[in-house]
Trainee: 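Below is the structure I would like to discuss, written out as structure tokens.
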Amino acid sequence: MIISMKPGATREQVDRVCNRIQEMDFAVRSIQGDERVVIAAVGLGDVTHAIEVLRSVEGVENGVPISAPYKLVSKQVKSDRTVVQAGDASIGGDEFAIIAGPCSVETEGQIMACAEAVATAGGRFLRGGAYKPRTSPYSFQGLEEEGLRLLRKAGDSHGLKVVTEVMTVTNVQLVADYADVLQIGARNVQNFPLLKEVGAATSCPVMLKRGQSATIEEFLLSAEYIVTNGNPNVFLCERGIRTFESATRNTLDINAVPVLNQLTHLPVILDPAHATGKRALIPPLMRAAVAVGADGAMVEIHPDPERAWSDGAQSMTFSSFGEMMREIEPYVELWKATRLQAACVPA
Ligand code: PEP
Ligand code: MN
């Protein structure tokens, strides 16, 4: 971090700042300037806290971090891209990961039919919520453990990995017993006890969704919670953020993909269903996901979207999902070629 002193700061004030820096386990690397002193400090401590403290010390004008506040998820710490492995399927490697399934697991027939549709279209991951974070307490809340059981059965019957949301600390172990990937939803992106638990209690892959109003930095700090608590198998999902625009449910922040790719080695996927709330908008955004260099995408499908118990308007029919999967094939081929080329170019 760099601490700049006010013009005319006294020698005693500069010394006091240096002492405080050292007390917080940073080393003072240089002190430059006569009229306006600038102090450079390095270390692995909590930079955000240190700057907050130093800004309040007399004579200090400002403090800025040099490195990002997240460390383990940062490209500065690990330059090669992380591949999250879920059995024989992966996210971040040389396959464009497709996660598809209903918003909520409803019945055995429904989830079985969805699993068949995903496998037929070439997807590797079956999604489905058993614990649902719903805005209204009167909306369907999920089948809970029965939903997990049905999801596992459907996934196993069709050779698919299952992705499902965990909402509470007390359920992490239970959900991890059934799932191949734990989803942390938008509303829980800053549920710090939950992030710590999925970090410490399991090595099951985690799909962390961006919060409706989470900045990229906050999003990465949430991922850092999981990794620093012991679970490195994390990938990120951009699912749209809340803006002034009301034409769509959320606004897909397509910038997030290249921005995250610059900042982190973790894989990034897009969720055009929750980003738009409209099934007709999913195919063009799916093409965008491939073109922008995402590692995969997640969509919602349903055997009868009009009768879905949640998120029917953004759920695709099996036939339109199949058609979209065929339509993106040439784009995915190009994506693979680009990946391969990037892997051959030394960083
Ligand atoms: C979901 O994926 O079903 C979901 C609830 O998404 P989000 O947390 O992004 O709203
Ligand atoms: Mn949904």
Side-chain angles (χ1 to χ4, degrees), residues 44-50 52-53 68-74 77 82 84 86 91 103-105 127-137 139-145 147-148 151 162-242 250 256 260 263-269 271 274 298 310:
L44 285 176
D46 181 348
V47 179
T48 310
H49 169 72
E52 212 173 274
V53 167
Y70 39 86
K71 310 215 175 294
L72 301 178
V73 304
S74 153
V77 168
T82 291
V84 175
I91 299 112
C103 180
S104 306
V105 181
R127 63 148 288 147
Y131 295 90
K132 294 301 303 174
R134 305 305 301 279
T135 303
S136 166
S139 301
F140 174 58
Q141 304 285 309
L143 295 182
E144 303 187 340
E145 190 170 355
L148 295 176
L151 187 65
V162 306
V163 182
T164 196
E165 180 158 356
V166 57
M167 285 171 50
T168 57
V169 169
T170 45
N171 272 350
V172 168
Q173 212 57 65
L174 175 75
V175 179
D177 286 345
Y178 287 95
D180 299 298
V181 176
L182 298 175
Q183 171 173 333
I184 300 222
R187 290 153 192 84
N188 273 318
V189 72
Q190 288 195 318
N191 180 340
F192 302 117
L194 182 61
L195 299 174
K196 287 183 192 171
E197 185 70 6
V198 295
T202 176
S203 56
C204 185
V206 178
M207 175 175 73
L208 179 65
K209 298 191 85 175
R210 183 174 181 184
Q212 287 153 311
S213 58
T215 63
I216 297 275
E217 186 171 298
E218 287 165 344
F219 192 18
L220 288 172
L221 281 166
S222 293
E224 183 85 6
Y225 262 94
I226 304 171
V227 178
T228 198
N229 276 283
N231 186 351
N233 305 312
V234 179
F235 63 100
L236 307 169
C237 177
E238 161 61 42
R239 45 77 75 205
I241 50 175
R242 191 171 276 184
N250 290 291
L260 287 167
L263 299 174
T264 180
H265 51 82
L266 299 179
V268 183
I269 71 160
D271 172 354
H274 290 89
M298 179 164 83
S310 59

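All heavy atoms count here, side chains included; hydrogens, waters and symmetry mates do not. Keep in mind that this is a model prediction, so the values were computed, not measured.
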Trainee: Is it the case that the side chain of N231 and the backbone of T202 share a donor-acceptor pair, with hydrogens and angles ignored and the cut-off at 3.5 Å?
Mentor: yes

Trainee: Do the side chain of N229 and the main chain of V198 share a donor and acceptor less than 3.5 angstrom apart?
Mentor: no

Trainee: Counting only N and O atoms by type, is there a donor-acceptor contact under 3.5 Å from the side chain of D180 to the main-chain atoms of V162?
Mentor: yes

Trainee: Considering only heavy atoms from C-beta outward, does the side chain of P205 approach that of V181 to under 4.5 Å?
Mentor: yes

Trainee: Quick one: does T264's side chain get under 4.5 Å of Y70's, heavy atoms only?
Mentor: no

Trainee: What heavy-atom pair brings Q141 and S136 nearest, and what distance separates the two atoms?
Mentor: NE2-O, 3.3 Å

Trainee: Show the nearest heavy-atom pair for residues H274 and D271, with the distance to one decimal.
Mentor: ND1-OD2, 2.7 Å

Trainee: Before giving the answer on side chain to side chain contact (heavy atoms under 4.5 Å, CB included), spell out for Q212 and R239 the whole-Å C-alpha distance, their side-chain angles and the decisive distance to 0.1 Å.
Mentor: CA-CA 8 Å; Q212 287 153 311; R239 45 77 75 205; 3.4 Å; yes

Trainee: In this structure, are over 12 heavy atoms from other groups packed under 6.0 Å from R134 atom CZ?
Mentor: yes

Trainee: Run the side chain to side chain contact (heavy atoms under 4.5 Å, CB included) test on R242 and S213 for me, step by step, so that the C-alpha distance in whole Å, both residues' side-chain angles and the decisive distance to 0.1 Å come before the verdict.
Mentor: CA-CA 6 Å; R242 191 171 276 184; S213 58; 5.5 Å; no

Trainee: First locate atom CD1 of I241, then atom CD1 of I216, and finally report the distance between them rounded to the nearest 0.5 Å.
Mentor: 8.0 Å

Trainee: R210: what forms a salt bridge (charged side-chain N to carboxylate O under 4.0 Å, His left out) with it, not counting sequence neighbours?
Mentor: E238, D253

Trainee: Any idea which heavy atoms bring G45 and K71 closest together, and the distance?
Mentor: O-CE, 4.1 Å

Trainee: Can any side-chain N or O of K132 pair as donor or acceptor with the backbone N or O of C103 at less than 3.5 Å?
Mentor: yes

Trainee: Under 4.5 Å between any side-chain heavy atoms of L208 and F219, yes or no?
Mentor: yes

Trainee: Got Y131 and L148 here, is their nearest side-chain heavy-atom distance under 4.5 Å?
Mentor: yes

Trainee: Please check: side-chain N/O of S104 versus main-chain N/O of G129, any donor-acceptor pairing under 3.5 Å?
Mentor: no

Trainee: Testing the basics here: between M167 and P133, what is the closest heavy-atom pair and its distance to 0.1 Å?
Mentor: SD-N, 3.5 Å

Trainee: If you measure from CG on N171 to CD on E144, what distance do you get to the nearest 0.5 Å?
Mentor: 8.0 Å

Trainee: How close do V189 and K209 get, heavy atom to heavy atom, and via which atoms?
Mentor: CG2-O, 3.4 Å

Trainee: Which heavy atom of A223 sits nearest to which heavy atom of L266, and what is that distance?
Mentor: CB-CD1, 3.9 Å

Trainee: May I have the step-by-step check of side chain to side chain contact (heavy atoms under 4.5 Å, CB included) for M207 and M298, ending in yes or no?
Mentor: CA-CA 11 Å; M207 175 175 73; M298 179 164 83; 3.7 Å; yes

Trainee: Quick one: does E224's side chain have a donor or acceptor within less than 3.5 Å of a partner on V73's backbone?
Mentor: yes

Trainee: Consider side-chain contact (heavy atoms from CB on, under 4.5 Å). Of V172, N188, V206, which one does V166 pass it with?
Mentor: V172

Trainee: Can you find a pair of side-chain heavy atoms, one from P267 and one from T82, that are under 4.5 Å apart?
Mentor: yes

Trainee: Determine, stepwise, if the pair Y178 / T164 fulfils side chain to side chain contact (heavy atoms under 4.5 Å, CB included).
Mentor: CA-CA 9 Å; Y178 287 95; T164 196; over 6 Å; no

Trainee: Hey, could you give me the CG/CG distance between L220 and L260, rounded to the nearest 0.5 Å?
Mentor: 5.5 Å

Trainee: How many angstroms lie between CD1 in I91 and CD1 in I269, if you round to the nearest 0.5 Å?
Mentor: 7.0 Å

Trainee: Give, for atom CG of L221 and atom OG1 of T48, the distance between the pair rounded to the nearest 0.5 Å.
Mentor: 7.0 Å

Trainee: Any chance you could measure I226, atom CD1, to L72, atom CG, to the nearest 0.5 Å?
Mentor: 12.0 Å

